[in-house]
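Both backbone and side-chain heavy atoms feed into the values below; hydrogens, waters and symmetry mates do not. Throughout, protein chains are lettered first and strands after them, A, B, ... in sequence-line order, and every chain is numbered starting at 1. Note that the coordinates shown come from a computational prediction; the quantities given were computed from them, not determined experimentally.
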Protein chains: 2
Amino acid sequence: MREPLPSDMFDELCPSSLNPIRFGDKWAALVIRCLEHGPRRFSELRVPLRRVSPKVLTASLRSLERDGLVRRTVYAGPSPRVEYELTPLGRSILEPMAAACAWAEEHWAELLEAREAHDGAGRLDPTGS
Amino acid sequence: MREPLPSDMFDELCPSSLNPIRFGDKWAALVIRCLEHGPRRFSELRVPLRRVSPKVLTASLRSLERDGLVRRTVYAGPSPRVEYELTPLGRSILEPMAAACAWAEEHWAELLEAREAHDGAGRLDPTGS
DNA sequence: CTGAATCCAATGTGATACTG
DNA sequence: CAGTATCACATTGGATTCAG
């Protein structure tokens, strides 16, 4: 429990910018993955997602909270402390998400090839005349 | 084969505007569903998707073509005729898409409840004091 | 018939600085 | 610590009009 988060989500995992299957806003999928193994504090999330500005990260979390996928808990104390965690509903989306990521990983190369072929077309004569 | 398309995609199917799982651009999922049962002409697609302007529909199709999910075929003739159909790669995405739609249908009500609860909060005192 | 061109609105994303 | 405020920018979505 409380497994360490990856140091930078942008190094690994399914390249969500390529994946045509997307979850909520641009960062929602990554946020959900960060919460997969238990509750996290805002500042903990900011480490692997350091290239997301606090405003955008907040917006993503709020959106997930609004949809009931994430619960936000404020702990009173000398310094503010807030924890985010997946609700049961949020956990239930992990499965289709994993399926989508599996598809993306499996067909990642095909997507890239198709793009290159498509983008390159029209600039050279495919008949080779 | 050549089953009729639904008359209006906006009446039925998974409400993709609510579903946090999205495929490509706003209409990609609906377009893919229209192509599920065989090739379709542009004007055929425009019927169930009549609330999508031709420009946007074209853009969506082009994007799918670029990713190798859809093949576009032009048939020469007295009047232009163009057909779109799913490639094998395009077909392969039907499965994770179905999983995502199943999730959405299953949890559709929970999402709505969560939104209402969230949007309504703050306007009345939950402690009932 | 199949889109391309143009223009515009809405939304999403982001950097920076500041606050309880 | 955990955000909010503000401004700016990019992308997307759309209506309308026009062309091959």
Among D/dC1, D/dA5, D/dG3, find the nucleotide with the atom closest to the side chain of A/Lys55. D/dA5
Which of the following nucleotides, C/dG3, C/dG14, D/dG3, is nearest to the side chain of B/Phe42? C/dG3
The single option from A/His118, A/His107, A/Arg115 that satisfies side chain to side chain donor-acceptor pair (under 3.5 Å) with B/Asp67 is A/Arg115
Taking for B/Ser53 and for A/Pro80 the nucleotide of DNA chain D with the nearest heavy atom, the one nearer the 5' end belongs to A/Pro80
For a quick check of understanding: with a heavy-atom distance under 4.0 Å over all strands, which category does A/Ser79 fall into, base, sugar-phosphate or nothing? nothing
Given the rule in the salt bridge (charged side-chain N to carboxylate O under 4.0 Å, His left out) test, do B/Arg72 and B/Glu65 qualify, once you have shown the distances and angles that lead to the verdict? CA-CA 7 Å; B/Arg72 175 176 180 269; B/Glu65 192 195 357; 5.1 Å; no
Are A/Ser43 and D/dA2 close enough that a side-chain N or O sits under 4.0 Å from OP1 or OP2? yes
Name the closest nucleotide to the A/Arg72 side chain, picking from D/dG3, C/dG14, C/dA4. D/dG3
Value in whole Å for how far the C1' atom of C/dA15 lies from CZ of A/Arg50: 17 Å
Nearest to the B/Asp25 side chain among D/dG13, C/dG3, D/dA15, which nucleotide is it? D/dG13
Tell me the bend of the helix from C/dC1-D/dG20 to C/dG20-D/dC1 as the angle between end helix axes, each from five pairs, rounded to the nearest 10 degrees. 50°
Salt-bridge criterion met for A/Glu85 and A/Arg71 (N-O under 4.0 Å): yes
For A/Arg81, is there an ion pair with A/Glu83 - N to carboxylate O distance below 4.0 angstrom? yes
Separation of C/dG3 P from B/Leu57 CG (nearest whole Å): 9 Å
Candidate nucleotides C/dT16, C/dT13, C/dG3, ranked by approach to the side chain of A/Pro54 - the nearest: C/dT16
Calculate the interatomic distance between B/Leu61 atom CG and D/dT12 atom P; express it in whole Å. 16 Å
Could you work out which one of D/dG3, C/dA15, C/dT2 sits closest to the side chain of B/Val82? C/dT2
Testing C/dG3, C/dC1, D/dG13 for proximity to the side chain of B/Arg41, the answer is C/dC1
